[in-house]
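Numbers for residues simply follow the sequence, beginning at 1.
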Amino acid sequence: RGSRRPTPPGRPDLTRGGAGSRAAGPATPAPNRALPNPATTPAHHTHPVLVTPPRTQPSRLPRMRLVTFDAGDGERAGMLVDGRVVDAWAALGEPHRGSLRELIAHGRIDDLRARIGDTGAPSHPQSAVRLLPPIPDPEKIICIGLNYKAHAIEVGAEPPAEPVVFGKFRNALVGPDATVKLPANSTKVDYEAEVAFVIGRQAKDVAAADALDFIAGYTLFNDLSARD
């Protein structure tokens, strides 16, 4: 399920093979198979890294790898640089703030981008923190189903004339390496590799040509579904 739109020039490819609204890529189903790391069900593993696209001069501005982490004092927005997690709000001189969602909402991404390489910013080794979903508390998770032909054939459904849109709840999100308890009454739980994108600001009736301007970043999303 999901969008197969190619990454436009200047937009980031994902660094590895996600939270927020999702656009799905080609699925990798595994019917009747337990997950290697089997707490809600269905649950959705998110990749810990949100990759942000540069807004201007894409050939000159570096991509950023943003995370939400917990170093023992609660959820904090961070920036992953050379194996270390930099406290984003502390780097901006506002340590009283905390969340990645707030950082995006206040339009501070480019300010943070300018601090890449600042060795004086507080940081932690990545191995010393717990990585959470990049956006642990999205307002909504919007999903698109059966939007490419091969997946419709795979599940025995006719490709829909219009996109199938449905939502999921934020408390179904779990972070990387989390354990997902499979439902006892299901013998057909699939996992699907998805591409997710995070909407950075409120939007309505956006023209297709302008849609990418509203994307704050991209991440990965492992969508679990009980097919029976």
Inset, instruction - Of all the heavy-atom pairs spanning L173 and P133, show the shortest one and how long it is. - result: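 So the two residues come closest at CB-CG, 4.4 Å.
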Inset, instruction - Write down the atom of A193, the atom of N222, and the distance for their closest heavy-atom approach. - result: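 The pair with the smallest heavy-atom distance is N-OD1, 4.4 Å.
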Legend entry - Test salt bridge (Lys or Arg N to Asp or Glu O under 4.0 Å) applied to E139 and R101, step by step: CA-CA 10 Å; E139 286 189 5; R101 180 172 165 181; 3.2 Å; yes
Legend entry - Exercise: identify the closest heavy-atom pair between A152 and L146: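 Where A152 meets L146 most closely, the heavy atoms are CA-CD2, 3.6 Å.
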Legend entry - Heavy atoms of other groups near R170 CZ, more than 12 under 6.0 Å: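 More than 12 heavy atoms, drawn from other residues, nucleotides or ligands, come within 6.0 Å of this atom.
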Legend entry - G145 versus F166, closest heavy-atom pair with distance: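 Nearest heavy atoms, G145 then F166: N-CE2, 3.8 Å.
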Legend entry - Stacked cation flag R76 on F69, 6.0 angstrom / 45 deg: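 Negative - R76 is either too far from the ring of F69 or too far off its axis.
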Inset, instruction - For D82, look at atom CG and say whether over 12 heavy atoms of other residues, nucleotides or ligands are found less than 6.0 Å away. - result: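 No, CG of D82 has 12 or fewer neighbouring heavy atoms, counting only those of other groups under 6.0 Å.
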Legend entry - For G78 against V85, the heavy-atom pair lying closest together: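 Minimum heavy-atom contact is CA-CG1, 4.1 Å.
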Inset, instruction - Starting at CG of L103, measure out to CD of E94 and round the result to the nearest 0.5 Å. - result: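 One finds 9.0 Å between CG of L103 and CD of E94.
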Legend entry - Pair S186-D228, side-chain donor/acceptor within less than 3.5 Å: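 Yes, D228 and S186 have a side-chain donor paired with an acceptor closer than 3.5 Å.
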Legend entry - Minimum heavy-atom distance L224-K168, with the two atoms named: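 Closest approach of L224 to K168: O-NZ, 4.1 Å.
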